[in-house]
Enquirer: 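Please see the structure below; I have some questions.
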Amino acid sequence: MADDVRELLLSTTADADPSTPLSAPDLRLLIDRLRIRSDRLYASALAFASSHRAPLASALLRAADSAASSASLESSLASALSPLSSSPDLSDLRSLSDRLLAARRELRERQEHLAVASSVADLAARLRAARASPDPLAAAAAAAELKPLLVDPEGSGSSQDEPVVFGLLRSEWEQLVDELQVMLAKNLEECVEFAPEGGKMVVRAAPRGNSSGTPGVELRVALQALEIIDAIDYGMAKLADLMIKHVLVPAISKISVAVSGEVLEKSGPEYPISILCVVPTEELQGYKDGSALYSRIIDVIKFVRENICGENITWMKSFSKLTWSRISDLVIKHFISKAVPHEASKLIEFQDVVRSTTEFENTLRNMMFISHDKRDGKLTQFVDDVEVHFAVRKRNEILVKARDLLVQYDYDNPLASHNREDSIVDLLCLPEKCFISKSALQLMKLVHGALKDACLSSTRVAKELCYAARDALLLYKAIVPVQLEKQLDSINQVAAIIHNDFYHLSQEILGLAFEYRADFPGDLQKLVLFVDLAPTFSQMADGVLTRQIQLVTANLIEAIDGADGFQNTHQPQHYESAKFSIEQVVFILEKLHIMWESILPRSIYKRSMSYILGSVFSRITKDMLLIDDMAAEETLQLHGLIHLALENLSSLFLSLVENEFLDHQTWIELDKIVRPLKKFRKLAELLDMSLKSITAAWESGELANCGFTSSEVSK
């Protein structure tokens, strides 16, 4: 506007200086021009308002509303800020804001609680309706609809964050389902009755009803309801158990029975009744291949499918799941396992059983009673592995026989047998004989029999038989030493026989591979070994004999110790003690001679007895040479004791050589067998020789050849 006024001024005084003050005429002229301009603007605005009247009216109305709203907001803000008029502290403003947020949160929570309460009320009402429903199908359907709303589909149970009331509703739902299950299962039991004596089943389409006259649920309806709540297996469980006990066990375990079924049509309010009976019969045709047995089982299953399951595949699968495994076990126990041949030559005849069993399972698959899964083919798997079953049975029989003959054999009287000569056997690797127990003899016969059968069998059967032979041998090693532990820890003949058993078995084991390997099936010739067992049995034999030698040696040393070093034998008391000691030694050695000579192999007897005699003579010689300052009478007593021992052991000495008399040549041979004997005999001569003779014998080397040292001779 200031610029417009200046333009009006400039138009009137174009040549004047803008800074020059205006005169009175100029001011009047300016006023006139401003009035004319104002009139033009007024006329223009009036024309615009006339042409745009409606839009302007609308705009004015909106402006009036906005003004009213602004006034309302101003009033609200004034009331909200009024508490601050007295105290302008920001903490009051913050507190007010928190109260506003809390109020909004509380409002939202109450809305959520209201929604939850509405849901709970709806669920509770539906549960009450389901529980009160007289129709089991409706109740089951309601329970099935509520399941996804109350039960976690992943089966993880209730959530920790959910309201407690949902847990209560879930418990009430579970109780409802349990009640339905129990009621429907009991209804099934009332529809299907079994005779207490077994062999008979009566199926009613509906139960007879209770004492109050209230009718029960039809069999078909009960099964449908159980299927809806996923409890068909629960309802079928007891029915399946009773079917196995009262129908299938008699039908499978008994040979002379037949299965018959009939339907009794009823008129009026009663439903039809179906009866299945397992009745005795005299016909046994087809039992050898199992066809008659399989036909009876199929008749039972068809009866169940038609009269209980009503051709419903789901119900039939549930019945199959609960019974097929037990049916298979019964068939295997009462038929197939008994049909497995006892001899390898009869395995071909078993093919009829294989064929009928395969046809039986294929029939059940066509009936959709079992699936094509390998797990349901339990019977065919069993008959296909008949060779393995045959071999396992033979193996078990061999091991049972081996165990029985080892456990039951009387080791306390091994020589009491009337056929003692049968127990004297030739050693495989030595040109000698030895006495073994009947148990070891029979065990080897069992092993040879198993290996002969293995040579005539297939690879799988032969492998089991060979392992059975190995295990039978190992049974001797495991049983006998434990069973005869007391005998092996004392000096007796049984220990010598056990040594022979182990020794004989070790040599027989070495020959098994050479005797049978060439006749084994080709795949088995390099797999089956026996030679690895031989060292074990040989070590056991050595251990038994070594223990016996240790026990004998300990007793002999104890007897020699009773002589008190053979000192002062010129005194009667000491001489009697020394003589008694020698007699004890002779007694022990003679007893050992009697026990061992007829039992042990010749070479082992000579080696063992030579070792024991050598230790005895070495100890007596050592004790006598340690005596200081012998009296003349003492030497005579010692000389007599040595000859007493030698004379009383004459039979023992002769058992070590082939001669019948103890002549000079025999003593030379004995000196070679028992090295300390030569020194022992020479000591007897020294005790009766003069000093000059002793010196001459030493100088000639005769004493050194007998084992004397210079210190011993000088003493």
Side-chain angles (χ1 to χ4, degrees), residues 430-433 545 549 552-553 556-557 559-560 566 581-583 585-627 635-715:
L430 291 174
E432 299 178 356
K433 296 179 181 292
L545 185 60
I549 292 174
V552 171
T553 303
L556 289 169
I557 296 301
I560 295 172
F566 298 96
S581 177
I582 292 295
E583 290 174 348
V585 170
V586 171
F587 175 78
I588 294 172
L589 291 173
E590 278 299 324
K591 181 181 177 182
L592 197 63
H593 164 219
I594 295 171
M595 285 194 303
W596 282 7
E597 184 180 17
S598 61
I599 300 296
L600 294 177
R602 177 73 180 169
S603 59
I604 294 177
Y605 169 75
K606 287 179 63 175
R607 184 173 66 249
S608 304
M609 192 60 75
S610 298
Y611 173 82
I612 294 172
L613 287 172
S615 62
V616 170
F617 295 147
S618 295
R619 173 62 188 276
I620 295 176
T621 302
K622 178 183 177 182
D623 286 354
M624 288 185 176
L625 289 175
L626 289 175
I627 299 174
T635 59
L636 293 176
Q637 298 289 6
L638 294 175
H639 178 272
L641 290 174
I642 292 175
H643 277 281
L644 175 66
L646 294 175
E647 290 172 3
N648 290 334
L649 292 175
S650 58
S651 61
L652 175 56
F653 290 142
L654 289 174
S655 68
L656 300 177
V657 295
E658 300 298 333
N659 299 339
E660 297 181 0
F661 303 100
L662 287 174
D663 53 16
H664 179 69
Q665 188 62 35
T666 302
W667 284 114
I668 293 175
E669 188 176 348
L670 286 171
D671 290 342
K672 293 178 180 179
I673 296 174
V674 186
R675 294 289 182 179
L677 176 60
K678 187 176 183 180
K679 185 177 181 180
F680 185 68
R681 291 173 55 235
K682 196 64 179 178
L683 177 60
E685 295 180 14
L686 286 177
L687 293 173
D688 198 27
M689 289 171 60
S690 63
L691 183 59
K692 182 178 180 180
S693 299
I694 294 174
T695 304
W698 173 255
E699 291 175 351
S700 65
E702 181 181 356
L703 296 181
N705 290 335
C706 292
F708 285 94
T709 63
S710 59
S711 61
E712 291 174 340
V713 174
S714 64
K715 289 183 68 175

Enquirer: Any donor and acceptor pair, going by atom type alone, linking the side chain of Ser610 with main-chain N or O of Val674 inside 3.5 Å?
Expert: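 It does not hold such a pair.
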Enquirer: Using side-chain heavy atoms (C-beta onward) and a distance below 4.5 Å, is Trp596 in contact with Leu545?
Expert: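 In short, these two side chains touch, coming nearer than 4.5 Å.
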Enquirer: Testing the basics here: between Met624 and Ile642, what is the closest heavy-atom pair and its distance to 0.1 Å?
Expert: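 Shortest heavy-atom separation between Met624 and Ile642 comes out as SD-CD1, 3.7 Å.
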Enquirer: Do Arg619 and Val585 have side chains that get closer than 4.5 Å, going by heavy atoms?
Expert: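 Contact flag for Arg619/Val585 side chains = no.
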Enquirer: Are the side chains of Asp671 and Arg681 in touch, meaning some heavy atoms are under 4.5 Å apart?
Expert: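 In short, these two side chains touch, coming nearer than 4.5 Å.
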Enquirer: Do Tyr605 and Ile599 have side chains that get closer than 4.5 Å, going by heavy atoms?
Expert: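 No - every pair of side-chain heavy atoms lies 4.5 Å or more apart.
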Enquirer: Report yes if some heavy atom in the side chain of Leu644 is under 4.5 Å from a heavy atom in the side chain of Val586; otherwise report no.
Expert: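 A side-chain contact is absent here, since even the closest heavy-atom pair is not under 4.5 Å.
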Enquirer: Assess whether atom CZ of Arg602 is packed by more than 12 heavy atoms of other residues, nucleotides or ligands within 6.0 Å.
Expert: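 Atom CZ in Arg602 is crowded, with more than 12 foreign heavy atoms closer than 6.0 Å.
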Enquirer: Considering residues at least two apart in sequence or located in another chain, which fulfil the ring-ring contact (aromatic ring centres under 6.0 Å, His included) criterion with Phe653?
Expert: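 Applying ring-ring contact (aromatic ring centres under 6.0 Å, His included) to Phe653 gives Trp667.
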Enquirer: For a 4.5 angstrom cut-off between non-hydrogen side-chain atoms, does Leu649 reach Phe617?
Expert: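 They are in side-chain contact.
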Enquirer: Decide yes or no for Ile668 and Gln665: does some side-chain heavy atom of the first lie under 4.5 Å from some side-chain heavy atom of the second?
Expert: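 Yes, side chains in contact.
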Enquirer: Within this structure, what is the CG-CD1 distance for the pair Leu613 and Ile673, rounded to the nearest 0.5 Å?
Expert: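 Result: 10.0 Å between the selected atoms.
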Enquirer: Short question: side chain of Thr621, backbone of Ser618 - any donor-acceptor pair under 3.5 Å?
Expert: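 Between the backbone of Ser618 and the side chain of Thr621 there is no qualifying donor-acceptor contact (under 3.5 Å).
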Enquirer: Nearest 0.5 Å, please: how far is CG in Leu641 from CD1 in Ile620?
Expert: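 Here the rounded value is 9.0 Å.
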Enquirer: For Lys678 and Asn705, work out which heavy atoms get closest and say how close.
Expert: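 In terms of heavy atoms, the two residues are closest at NZ-O, 3.9 Å.
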Enquirer: With sequence neighbours excluded, what pairs up with Phe566 under the ring-ring contact (aromatic ring centres under 6.0 Å, His included) test?
Expert: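 Partners of Phe566 by the ring-ring contact (aromatic ring centres under 6.0 Å, His included) criterion come out as none, since no residue qualifies.
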Enquirer: To the nearest 0.5 Å, what is the distance between OG1 on Thr635 and CG on Leu686?
Expert: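 Thr635 OG1 to Leu686 CG: 11.0 Å, rounded to 0.5 Å.
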Enquirer: Under the side chain to side chain donor-acceptor pair (under 3.5 Å) rule, collect the residues that match up with His593, sequence neighbours excluded.
Expert: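 His593: side chain to side chain donor-acceptor pair (under 3.5 Å) contacts with Glu590, Glu597.
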Enquirer: If you take all heavy atoms of Ala684 and His643, which pair is closest and at what distance?
Expert: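 Heavy atoms only, the tightest pair is CB-NE2, 4.0 Å.
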Enquirer: Mind checking the CD1-CD1 spacing from Ile582 to Ile560? Nearest 0.5 Å is all I need.
Expert: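 Those atoms lie 7.0 Å apart.
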Enquirer: Just verifying a value: how many Å separate Ile588 CD1 and Lys591 NZ, rounded to the nearest 0.5 Å?
Expert: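 So the CD1 of Ile588 and the NZ of Lys591 are separated by 8.5 Å.
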Enquirer: For the atom pair CG (Leu592) and CE (Met609), what is the distance rounded to the nearest 0.5 Å?
Expert: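 Rounded to the nearest 0.5 Å, the CG-CE separation comes out at 4.0 Å.
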Enquirer: In terms of side-chain geometry, is the basic nitrogen of Glu685 or Lys682 positioned less than 4.0 Å from the acidic oxygen of its partner?
Expert: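 A salt bridge is present here (some side-chain N lies under 4.0 Å from a carboxylate O).
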Enquirer: Can you name the closest pair of heavy atoms from Leu656 and Lys606 and give their distance?
Expert: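 The pair with the smallest heavy-atom distance is O-CE, 3.3 Å.
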Enquirer: Would you check if the side chain of Ser650 reaches a backbone N or O of Glu647 as a donor-acceptor pair within less than 3.5 Å?
Expert: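 Yes, Ser650 side chain to Glu647 backbone: donor-acceptor pair under 3.5 Å.
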